[in-house]
Amino acid sequence: MPISPVNSQFIPNASLSRSEMEELQRSLASIATFDDTPETPSPTALTDPIIIGVDQAFCDEQVISAVVAFRDGEIIERTYAVSPIELPYIPGLLAFREGGPICDALDTLTCTPDLALFDGSGRIHYRQAGLATHIGVIYDLPSVGVAKSLLCGTPQAPTDRRPVGWRTPIRADEQVDAQIGTTIGYAYQSKQYRPSATTSVNPLYVSPGHRVSAETATELVAALCTAYKLPRPTQEADRYAAEVKQTLR
DNA sequence: GCGACAG
DNA sequence: ATCTTGTCGC
């Protein structure tokens, strides 16, 4: 059975004003769940749940939103949607640029995912409403945000030159709409840094999207990071989006 | 005015 | 995100 929007009032509308977008984010953040639920997949039993990775590629005025579904480490479905770009990139409003296209792609998925991984932040966001949280709430689906750089918040410890598996909490600071000190995610070293000093590998910034805790989100990403820096679902979605992009040229 | 800023 | 060749290193 396919998934469908549960909280459709949050489906991104690119024609809203900036303040209206921010207000909608505060509203959806208030109903987001940054804790594990009975339906949250267990990081130590990842053979049964269906996990999807979502990522985008851009081509002129269009966005290719790709979704790759996994079960027991195998790809069971791939789908995508091509949508018009309706908004430029604005830090803090990424969901209004990529969210619509992502919903277009998710609505063509035929399987029923138990968890979604997104390229971008979840709770690590000024209003605790990053892309992963936004889409997770719309479908009421457990979701995790995996960003390659930090949008806001402060790492508890310096993140440079850390060994694989190392992590440190990302704490809310004055620019985050949360009690200062709240753990809103983790920096996670998924790949070894270059001992050569001249080149280094930055950590991933993992945060809860919806219905998952920061700790479980990080454990899930750790379990899904195999050969690459990015977790498999996201890595494959990235590759698939690029593959589709070539087709459109 | 200055600095910061997911993709 | 995207524009882009070679090159250093495991």
Side-chain angles (χ1 to χ4, degrees), chain A residues 12 14 18 21-22 25 28-29 32 53-67 80 82-103 105 116-136 143-155 159 163-164 170 172-177 184-188 190-210 214 217 221 227-231 234-235 237-246 248-249:
Chain A
R18 179 164 186 151
M21 291 179 178
E22 295 176 348
Q25 291 182 324
L28 79 89
V54 183
D55 193 27
Q56 287 71 237
F58 293 77
C59 187
D60 299 318
E61 302 293 286
Q62 298 186 308
V63 198
I64 297 98
S65 191
V67 180
Y80 71 89
V82 179
S83 316
I85 295 177
E86 301 182 294
L87 203 71
Y89 166 68
I90 301 171
L93 297 179
L94 182 65
F96 288 90
R97 172 178 168 83
E98 304 187 346
I102 287 174
C103 289
L117 265 58
F118 294 95
D119 199 19
S121 294
R123 193 182 187 182
I124 294 180
H125 180 275
Y126 308 120
R127 292 165 292 281
Q128 302 189 90
L131 178 66
T133 299
H134 201 130
I135 307 300
S143 62
V144 170
V146 183
K148 295 181 290 297
S149 61
L150 190 60
L151 174 63
C152 59
T154 307
T159 60
V164 171
I170 299 300
D173 53 27
E174 38 287 322
Q175 51 180 246
V176 178
D177 188 4
I184 55 177
Y186 279 85
Y188 174 72
S190 62
K191 196 176 190 300
Q192 182 62 285
Y193 64 91
R194 298 274 191 172
S196 328
T198 52
T199 54
S200 65
V201 176
N202 298 316
L204 292 178
Y205 296 93
V206 183
S207 59
H210 181 46
V221 168
Y228 304 91
K229 172 178 178 175
L230 295 177
T234 292
Q235 207 282 328
D238 179 271
R239 219 173 56 74
Y240 186 44
E243 182 183 320
V244 173
K245 177 177 177 175
Q246 297 311 308
L248 303 181
R249 301 194 129 178

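So that the names make sense, note that chain A is the first sequence line, chain B the second, and so on, each numbered from 1. Not measured: the values here are computed from a predicted model.
Look at A:Tyr126 and you won't find any side-chain N or O under 4.0 angstrom from OP1 or OP2 of B:dC5. For A:Lys148 and B:dA6, the shortest distance from a side-chain N or O to OP1 or OP2 is not below 4.0 Å. Within the structure, every side-chain polar atom (N or O) of A:Ser149 is placed at least 4.0 Å from both OP1 and OP2 of B:dC5.
Between the CG atom of A:Leu150 and the P atom of B:dC5 there is a distance of 8 Å, rounded to whole Å. Going from atom NE2 of A:His125 over to atom P of B:dA6 covers 11 Å, rounded to whole Å. At whole-Å resolution of the value, CD in A:Glu174 and C1' in B:dG3 are 13 Å apart. Residue A:Tyr205 contributes atom OH, which lies 16 Å from atom C1' of B:dG7 at whole-angstrom precision. We find that CD of A:Gln175 is positioned 11 Å from P of B:dA6, with the value rounded to whole Å. Rounding to whole angstrom units, CD1 of residue A:Ile124 and P of B:dG7 are separated by 11 Å. Rounded to whole Å, the distance from CD on A:Glu61 to C1' on C:dA1 is 14 Å. Rounded to a whole Å, the OH atom of A:Tyr89 is 7 Å from the P atom of B:dG7.
The local environment of OH in A:Tyr205 is crowded, with over 12 non-hydrogen atoms from other residues, nucleotides or ligands closer than 6.0 Å.
When all heavy atoms of A:Val176 and A:Gln128 are compared, the pair lying nearest together is CG1-CG, 4.3 Å. Across all non-hydrogen atoms, the minimal contact from A:Arg18 to A:Ile90 is NH1-CG2, 3.7 Å.
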What's touching nucleotides 2-4 of chain C from the protein side, N or O pairs under 3.5 Å?
from: C:dT2; atom 1: OP1; to: A:Phe58; atom 2: N; distance (Å): 3.3
from: C:dT2; atom 1: OP1; to: A:Lys245; atom 2: NZ; distance (Å): 3.3

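If you check every strand for non-hydrogen atoms under 4.0 Å, A:Leu93 touches a base. Residue contacts shown for A:Gly92 include a base, since a base heavy atom lies under 4.0 Å away.
By the 4.0 Å N-to-carboxylate-O rule, A:Asp119 lies close enough to A:Lys148 to be salt-bridged with it.
When atom types are taken as modelled, the side chain of A:Lys229 and the backbone of A:Asn202 share a donor-acceptor pair closer than 3.5 angstrom. Side chain of A:Arg123 to backbone of A:Ser207: no donor-acceptor contact under 3.5 angstrom is found. Side chain of A:Ser121 to main chain of A:Gly145: no donor-acceptor pair is present (N/O by atom type, distance under 3.5 Å, no hydrogens or angles).
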